[in-house]
Participant: 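Please read through the structure below; I'll follow up with questions.
One is the number of the first residue; the rest follow in order along the sequence.
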Amino acid sequence: EPRHLLTTRRGRRWQSGEHLKQPVRGRGRPGMPLAAVGDRAEDLVAKEFLRDANLTDTSLVDDLNKQYASAGIAPITRGAFFGGESTSLGRGSTVRIVGLQAKPALNGVTGRVMAFNEEKGRFAVRLIDGESILVRAANLESVPTPTEPVSTPTAEDVRDGTMCATRLADCAAGAERVTELGRLDNEAAYAVALRHGLHRGLTSALEDEAREVAARWESGTCVSYLHFISTSLFRGQRDRTDGGFGAVDGLRLSAYLRAEPRGWTALLAAAAAVAQMVATAKLPPPSQLAAHRAGRDCWVFFTLALVHRPVACALLGLDDRGAPEAPNDLDTTLGLALKRGVLTEAQADAKTDELARGETTEAQLCAALAPLVAAAAKARAKDAAKASAATVKGAMAALDAAGEARDPGSVVEANVFQSSAMLAYWCRELGTGVDLEAELALDNVKRAMYRTMAKPLGEATIRKGGFLNQQEYLEVLQPRMGGGGAKGGKKGGRKEKGGRR
């Protein structure tokens with residue numbers, strides 16, 4: 001029997017959850033490495049290299065970690081990405097920068113509180129890369145003390161961070177733009193990369209992915225930028241030594257989305273392009289299998305990312321409470337007004353000139369601009385939701401037209417559906433005023449599948465905050481599928497679409 005997910009006896013295996021136990025195995029080459037959900041792209045490359053070296057044990061945890069260590073990309077132990085015990089903002093406490101408007105690239109960077117500057121009303125914070133800055137308390141988030149102290153970056157960290165950021169922004173670098181991103185597992189190297197334009201480089205690479213991914217694969221360069229970015233740079237659980245992960249680093253991702261106005265659009269467009277490449281690109285069988293694996297992992301990334309409320313708020317341009325970002329001073333208010341198109345540069349200059357001439361006060365300017373900024377934020381959230389629905393709808397259409405050979409068991413399509421259901425949940429929860437399900441304009445069959453499978457699985461994943469195990473998966477689906485039998489989810493011979501990974 002072919003060992004692709006759900007390629008045979010689909011209804012029974014879907015109903016039993018048997019497909020959750022089986023990784024996708026490549027049929028193109030004997031002994032092709034197994035791809036578990038959550039494998040990093042560079043780990044799959046390493047496994048393929050090791051296979052060619054006649055090392056058939058693809059786990060090779062110790063050997064891989066030794067290679068990572070020698071290359072400076074060994075996983076590091078990290079605390080929880082969210083939650084944990086709160087700490088005060090006393091001297092020596094560990095903090096994370098959040099919500100900066102003037103220097104958004106610093107959002108998500110950690111550091112230590114060194115002192116409080118009473119004259120400025122700000123905390124002096126030494127960042128992980130050694131720089132000291134003054135930050136308001138409102139822009140600092142206490143984090144649990146890490147198991148390893150924040151340290152000044154080494155020469156190797158500076159080299160890795162600079163190199164990764166520079167390559168990512170180099171359109172002529174080809175696949176080398178992304179293949180070394182695993183080096184940024186190290187937080188010190190990551191902080192260095194942020195200072196060298198990492199976020200701008202990410203947006204550039206993702207926009208190129210949306211335009212070029214199918215042509216790149218058809219020309220024989222089987223590398224997805226998004227696959228590397230999602231399974232390396234935004235990979236959670238860096239403390240795991242098996243090369244996989246079951247979480248997305250929501251702090252890194254939300255900081256990127258807040259720093260880059262085009263970030264979410266670029267990310268989703270790249271994922272849609274990968275899905276369309278899976279569905280339509282003219283590829284030989286081994287490359288088609290690799291494309292399918294990349295498409296699956298890229299969309300699994302979205303189902304992991306959208307469990308995080310801060311990520312959902314960031315992509316919609318809202319603060320972490322789900323409200324329009326509330327400016328607390330004139331600089332922030334003017335920054336948001338410029339960012340959201342409320343003011344032009346010339347108008348902002350005119351406002352500051354009025355202030356300098358004494359014709360108005362900071363409080364009056366803030367009071368006048370704040371409601372305009374809030375209204376613009378709500379409009380932006382609505383526009384972002386509608387644009388997201390249009391992008392996802394295109395990916396759905398391409399995959400629906402694809403045959404079983406291109407998307408075995410509708411695995412990629414299922415994760416697109418679940419991602420859209422999770423995004424629809426946040427659109428409702430955060431009050432965007434957009435019914436994303438209606439925007440998708442699903443036909444009757446697809447709407448039934450969406451409501452019966454994708455929606456309950458997506459919302460259960462959000463409630464749990466991560467992957468559902470097999471028992472949880474069945475508890476969500478079986479009541480909706482009438483318990484046992486092979487009929488669940490099948491209608492008119494069409495492919496099932498739910499939350500299969």
Side-chain angles (χ1 to χ4, degrees), residues 33 35 38-50 52-53 60 63-76 78 105 108-109 128-129 153-209 212-213 216-217 221-241 243-245 248-249 252-253 255-256 260 266-267 270 274 290 293-294 297-298 301:
D39 265 351
R40 293 183 296 176
E42 67 267 27
D43 289 327
L44 296 173
V45 173
K47 288 179 181 181
E48 181 73 0
F49 170 78
L50 293 170
D52 289 339
L60 294 171
D63 288 344
L64 281 173
N65 281 335
K66 289 177 182 177
Q67 292 182 52
Y68 289 159
S70 66
I73 57 172
I76 61 173
R78 285 168 54 90
V109 176
I128 193 172
D129 64 358
T154 65
E156 186 176 53
D157 296 333
V158 173
R159 181 202 68 197
D160 288 346
T162 304
M163 180 269 289
C164 286
T166 302
R167 283 189 180 177
L168 198 58
D170 184 2
C171 297
E176 291 186 2
R177 294 177 79 173
V178 295
T179 51
E180 297 294 331
L181 287 178
R183 294 177 183 271
L184 300 185
D185 272 0
N186 185 311
E187 290 295 345
Y190 183 77
V192 171
L194 285 176
R195 294 194 170 281
H196 285 80
L198 175 67
H199 285 159
R200 293 191 301 275
L202 279 173
T203 302
S204 172
L206 290 168
E207 289 175 340
D208 287 347
E209 176 88 333
E212 304 168 358
V213 63
R216 187 187 315 126
W217 281 65
T221 303
C222 298
V223 174
S224 163
Y225 297 165
L226 177 59
H227 194 203
F228 272 88
I229 289 168
S230 63
T231 63
S232 296
L233 196 64
F234 295 131
R235 176 177 69 101
Q237 297 180 325
R238 286 178 186 71
D239 54 311
R240 279 178 56 169
T241 59
F245 67 102
V248 161
D249 189 332
R252 282 190 177 186
L253 180 56
Y256 164 66
E260 282 292 300
L267 195 66
V274 171
R293 184 165 65 191
D297 286 352
C298 288
F301 162 76

Participant: Working to the nearest 0.5 Å, report the span between CG of Leu253 and CZ of Phe301.
Facilitator: 5.0 Å
Participant: With a 4.5 Å limit on heavy-atom distance, are the side chains of Val192 and Asp160 in contact?
Facilitator: no
Participant: Just jot down the side-chain hydrogen bond (donor to acceptor under 3.5 Å, both in side chains) partners of Arg167, sequence neighbours excluded, or say none.
Facilitator: none
Participant: Taking only residues two or more places apart in sequence, or in another chain, which ones meet His196 in a ring-ring contact (aromatic ring centres under 6.0 Å, His included)?
Facilitator: none
Participant: What is the distance from atom CG of Leu233 to atom OH of Tyr256, rounded to the nearest 0.5 Å?
Facilitator: 10.0 Å
Participant: Using 0.5 Å steps for rounding, measure from the OG1 atom of Thr203 to the CZ atom of Arg200.
Facilitator: 9.5 Å
Participant: Is there a side-chain contact between Val274 and His227 in this structure, where contact means two heavy atoms from C-beta onward sitting under 4.5 Å apart?
Facilitator: no
Participant: Which heavy atom in Gly161 sits nearest to a heavy atom in Leu184, and how many Å separate them?
Facilitator: CA-CD2, 4.0 Å
Participant: Could you give the distance from OG1 (Thr221) to CD (Glu212), rounded to the nearest 0.5 Å?
Facilitator: 11.0 Å
Participant: For the salt bridge (Lys or Arg N to Asp or Glu O under 4.0 Å) test, which of Asp297, Asp249, Asp185 pairs with Arg235?
Facilitator: Asp185
Participant: I'd like to check the side-chain hydrogen bond (donor to acceptor under 3.5 Å, both in side chains) partners of Ser204; sequence neighbours left out, ordered by chain and number.
Facilitator: Arg177
Participant: Taking side-chain hydrogen bond (donor to acceptor under 3.5 Å, both in side chains) as the definition, give me every residue that meets it alongside Tyr225, ordered by chain and number, with sequence neighbours left out.
Facilitator: none
Participant: Atom CD1 of Ile229 and atom CG of Leu168: how far apart are they, to the nearest 0.5 Å?
Facilitator: 5.5 Å
Participant: Rounded to the nearest 0.5 Å, how far does CZ of Phe228 lie from OG1 of Thr179?
Facilitator: 6.0 Å
Participant: Do you know the tightest heavy-atom contact between Thr162 and Thr166?
Facilitator: O-OG1, 2.7 Å
Participant: Given side chains that start at C-beta, do those of Leu226 and Val213 come closer than 4.5 Å, heavy atoms only?
Facilitator: no
Participant: Not counting sequence neighbours, which residues clear salt bridge (Lys or Arg N to Asp or Glu O under 4.0 Å) with Glu207? List them please.
Facilitator: Arg262
Participant: Under 4.5 Å between any side-chain heavy atoms of Arg183 and Arg159, yes or no?
Facilitator: yes
Participant: Indicate yes or no: at least one non-hydrogen side-chain atom of Trp217 is less than 4.5 angstrom from one of Ser224.
Facilitator: yes
Participant: Please report the shortest heavy-atom distance between Ala270 and Glu209, naming the atom on each side.
Facilitator: CB-CG, 3.8 Å
Participant: Please enumerate all residues that pass salt bridge (Lys or Arg N to Asp or Glu O under 4.0 Å) together with Glu176, with sequence neighbours excluded.
Facilitator: none
